[in-house]
**Q** 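Provided herewith is a single structure, encoded as structure tokens, for subsequent inquiry.
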Amino acid sequence: MAKTSAEKKHAQSEVRRMRNKAVKSEVHTSARKYVAAVQKKDQNLAAETLKAYVSELDNAGRKGVMTAQAVSRKKSRMMKLFNKTFAAK
């Protein structure tokens with residue numbers, strides 16, 4: 001028997017929800033790795049993980065999982081953390 005339009009729409013939204021959940025999970029994992037690197041005071045590792053984190057955020061923004069404003073805000077906060085932690089003293 002054929003699906004109704006409501007059943008089809010629900011199935012589509014479920015697929016999208018799972019895909020979005022995976023992307024968000026990758027972003028959160030990258031953020032945790034970055035914060036851990038900053039807390040270790042390892043500037044090289046922090047710079048590498050920051051680059052990966054920014055890439056994950058841009059990817060999430062491009063896919064529409066996160067809004068452009070949210071991506072920009074998160075990138076700004078993490079850059080500020082990096083600059084504050086590793087500022088020339």
Side-chain angles (χ1 to χ4, degrees):
M1 195 161 114
K3 288 185 178 180
T4 65
S5 61
E7 290 169 335
K8 180 179 177 183
K9 187 67 177 171
H10 178 69
Q12 288 173 333
S13 68
E14 191 64 19
V15 167
R16 289 188 190 106
R17 185 183 71 83
M18 294 305 290
R19 190 178 304 132
N20 291 346
K21 186 177 177 183
V23 171
K24 285 182 185 179
S25 177
E26 290 173 10
V27 169
H28 291 301
T29 300
S30 293
R32 282 193 299 270
K33 287 179 182 178
Y34 170 67
V35 171
V38 169
Q39 288 175 345
K40 288 181 186 175
K41 305 284 189 199
D42 186 351
Q43 188 170 2
N44 293 331
L45 180 61
E48 289 175 19
T49 54
L50 177 61
K51 185 176 178 183
Y53 178 61
V54 167
S55 176
E56 291 285 342
L57 282 173
D58 289 337
N59 195 25
R62 199 168 31 257
K63 290 181 177 182
V65 176
M66 299 174 79
T67 64
Q69 292 85 358
V71 169
S72 179
R73 182 180 61 246
K74 290 174 187 299
K75 284 174 21 178
S76 176
R77 288 179 181 169
M78 291 302 180
M79 295 282 187
K80 190 184 293 185
L81 175 64
F82 183 87
N83 292 334
K84 185 177 178 182
T85 305
F86 300 112
K89 296 177 181 171

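Atoms considered below: every heavy atom in the structure, side chains included; atoms not considered: hydrogens, waters and symmetry mates. One-based numbering along the sequence shown.
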**Q** Less than 3.5 Å apart, which donor and acceptor atoms pair up between the side chains of residues 33-43 and the rest of the protein, not counting sequence neighbours?
**A**
from, atom 1, to, atom 2, distance (Å)
Tyr34, OH, Met78, O, 2.8
Tyr34, OH, Phe82, N, 3.3
Asp42, OD1, Asn44, N, 3.4
Asp42, OD1, Leu45, N, 3.4

**Q** Name all pairs fulfilling the side chain to side chain donor-acceptor pair (under 3.5 Å) condition that reach into residues 47-56, sequence neighbours left out, sorted by first residue then second.
**A**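 Matches after skipping sequence neighbours: none remain.
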
**Q** Would you be so kind as to tabulate the donor-acceptor pairs closer than 3.5 Å made by side chains of residues 64-72, with sequence neighbours excluded?
**A**
from, atom 1, to, atom 2, distance (Å)
Thr67, OG1, Ala70, N, 3.2

**Q** Taking side chain to side chain donor-acceptor pair (under 3.5 Å) as the test, write out the residues that go with Thr29, two or more places apart.
**A**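 Residues passing side chain to side chain donor-acceptor pair (under 3.5 Å) with Thr29: Arg32.
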
**Q** Hey, does Arg62 have a side-chain heavy atom less than 4.5 Å from the side chain of Asn59?
**A**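 Yes, close enough: below the 4.5 Å cut-off.
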
**Q** Applying side chain to side chain donor-acceptor pair (under 3.5 Å), name anything that partners Asp58, two or more places apart in sequence or on another chain.
**A**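 Result, side chain to side chain donor-acceptor pair (under 3.5 Å) vs Asp58: Lys75.
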
**Q** Could you measure the distance from the OG atom of Ser30 to the CG atom of Leu50? Nearest 0.5 Å is fine.
**A**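 That separation rounds to 10.5 Å.
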
**Q** Show me the donor-acceptor pairs within less than 3.5 Å that the side chains of residues 6-13 make with the rest of the protein, sequence neighbours left out.
**A**
from, atom 1, to, atom 2, distance (Å)
Glu7, OE1, Thr4, N, 2.9
Ser13, OG, Lys9, O, 3.4
Ser13, OG, His10, O, 2.8

